[in-house]
Amino acid sequence: MAHGPALLTAAVGGDRRALARLLTGIENEDPHVRELLPQIFAASRGAHLVGITGPPGAGKSTLVTALTREYRKRGRRVGIVAVDPSSPYTGGAIMGDRIRMMEHAADRNIFMRSMASRGELGGIAAATWLVAAALDAAGYDPVLVETVGAGQAELEVARLAETTVVVEVPEMGDEIQAIKAGLLEVADVVTVNKADRPGAERSAGQLRAMLAGAGGRFAAPPPILLTIATTGEGVAPLVDAIEADRTRARSPDQARVRARNQLLRAVIERSRRRAEGRVEWDSTVNEIAEHRIDPITAADRLLDT
Ligand SMILES: Nc1nc2c(ncn2[C@@H]2O[C@H](COP(=O)(O)OP(=O)(O)O)[C@@H](O)[C@H]2O)c(=O)[nH]1
Ligand SMILES: [Mg+2]
């Protein structure tokens with residue numbers, strides 16, 4: 001099988017096995033694939049990068065499946081990236097995801113990829129969006145990225161999306177309310193899924209009040225929709241709302257916000273690795289532990305040399 005630029009050409013040209021290998025190379029930080037990043041980036045066809053996030057069990061995977069079906073109806077080729085914090089082989093949820101996604105497996109216009117989160121802030125977020133960029137280069141548009149909105153690493157993934165859909169469910173407990181507040185900050189579109197359950201309208205009303213009160217990132221608060229992912233009800237209007245957000249996401253201001261986040265993540269991650277890779281790392285840790293140097297001066301010393 002092809003390597004280097006030939007691998008990229010094959011992947012972009014519709015060879016699914018080559019694309020799968022390219023994505024594995026991105027995920028594993030294969031140095032040969034690292035050299036292809038400028039070309040992958042240059043080969044972008046401008047796919048809409050959509051994050052789907054929300055608490056565990058909210059119906060994100062079911063919704064991604066329903067969204068995919070709706071996008072297919074509209075003649076679009078859909079890339080799917082599922083990020084799960086648990087290992088892909090031990091986590092029950094991701095196995096379920098895989099089985100459910102199988103119904104699309106035979107469709108050549110759909111490409112699905114699961115990523116095992118290594119839990120490193122920046123690392124997983126960057127790798128996820130590089131995988132999305134490769135799917136974009138291969139002609140998939142939109143690329144839907146499912147993440148569990150549970151922690152900081154997952155929020156970072158959401159922050160790198162062009163359009164972030166936050167999935168909520170009716171009548172969540174207090175604990176979830178806290179997650180909800182954090183998540184809503186990154187929402188461009190909100191959907192109250194499981195709208196077949198009691199209290200969906202009321203939850204949507206509460207969310208509307210929260211968002212109106214919060215001021216939010218934008219002048220206009222994000223639209224709040226109701227969906228039943230299991231039946232597909234409300235999914236066409238959700239696609240319409242995601243499509244409508246594309247214009248906002250593509251404004252030069254928003255593109256710069258996203259670019260800044262990408263750069264910031266890359267800088268943080270790369271300086272962390274550079275510092276950790278220094279032979280002085282362990283001795284510096286000891287110096288700090290023994291109060292012989294402060295952490296800031298130590299960090300400057302590690303990064304400046
Ligand atoms: N009643 C109802 N159940 C749903 C709906 N959407 C998803 N579910 C169910 O909720 C459970 C969790 O769904 P899943 O997509 O795995 O959630 P995720 O963890 O957010 O990806 C599954 O049993 C789904 O069948 C819905 O709209 N209504
Ligand atoms: Mg899921």
Side-chain angles (χ1 to χ4, degrees), residues 50-71 78-105 110-119 124-125 128 131-132 142-151 153-158 161 163-173 175-180 182-184 186-187 189-204 207 223-239 241-242:
V50 181
I52 313 287
T53 192
K60 297 177 297 298
S61 299
T62 315
L63 198 58
V64 165
T65 304
L67 286 169
T68 301
R69 206 175 288 133
E70 179 62 27
Y71 275 111
V78 184
I80 301 165
V81 188
V83 185
D84 196 287
S86 59
S87 145
Y89 301 109
T90 57
I94 194 91
M95 289 307 284
D97 286 352
R98 283 201 165 157
I99 290 157
R100 239 171 295 137
M101 296 292 189
M102 285 300 252
E103 72 172 277
H104 294 306
I110 297 166
F111 198 100
M112 149 87 183
R113 180 80 184 194
S114 294
M115 304 205 25
S117 163
R118 277 159 291 178
I124 182 69
T128 299
V131 162
V143 178
L144 309 175
V145 178
E146 178 194 340
T147 61
V148 184
E154 289 75 25
L155 268 185
E156 287 304 327
V157 176
T163 295
T164 300
V165 179
V166 172
V167 184
E168 300 286 358
V169 291
E171 304 294 317
M172 293 281 222
E175 200 178 319
I176 308 293
Q177 292 288 345
I179 300 175
K180 194 183 280 184
L183 269 183
L184 286 177
V186 296
V189 178
V190 179
T191 185
V192 178
N193 190 45
K194 306 197 182 183
D196 51 323
R197 293 198 177 165
E201 291 282 358
R202 218 180 54 142
S203 293
L207 285 167
I224 299 169
L225 292 92
L226 296 169
T227 48
I228 306 173
T230 41
T231 64
E233 213 171 305
V235 172
L238 177 57
V239 168
I242 296 169

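All values below come from the heavy atoms of this structure, side chains included, with hydrogens, waters and symmetry mates left out. Ligands are counted one by one from 1 in listed order, and the atoms in each one are counted from 1 as well.
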Using distance alone, decide if ligand 1 has a nitrogen or oxygen within less than 3.5 Å of any nitrogen or oxygen in [X].
| X | value |
| --- | --- |
| Pro56 | no |
| Ala58 | yes |
| Ile228 | no |

> Got a second to check how far Leu238's CG is from Leu226's CG, nearest 0.5 Å?
Replying inline: 10.5 Å

> Thr53 and Thr147: side-chain donor and acceptor closer than 3.5 Å?
Replying inline: yes

> Which atoms from ligand 1 have a heavy atom of Glu146 less than 4.0 Å away?
Replying inline: 21 (O)

>> Tell me whether the Mg ion (ligand 2) has Ser61 as a neighbour, meaning an N, O or S atom of it below 2.8 Å.
In response: yes

>> Under the side-chain contact (heavy atoms from CB on, under 4.5 Å) test against Ile52, which residue among Val81, Leu67, Thr164 passes?
In response: Leu67

> Which heavy atom in Val165 sits nearest to a heavy atom in Val50, and how many Å separate them?
Replying inline: CG2-CG1, 4.1 Å

> Below 4.5 Å, heavy atoms only, C-beta onward: do Lys194 and Pro170 meet side chain to side chain?
Replying inline: yes

> Evaluating non-hydrogen atoms only, which member of Thr65, Thr62, Asp196 is closest to atom 13 (O) of ligand 1?
Replying inline: Thr62

>> Would the distance check show the side chain of Asn193 and the main-chain N or O of Val167 forming a donor-acceptor pair, the cut-off being under 3.5 Å?
In response: no

> Can you tell me if Gly57 has a non-hydrogen atom under 4.0 Å from ligand 1?
Replying inline: yes

>> Only N/O/S atoms count here: what is the atom of Glu146 closest to the Mg ion (ligand 2) called?
In response: OE2

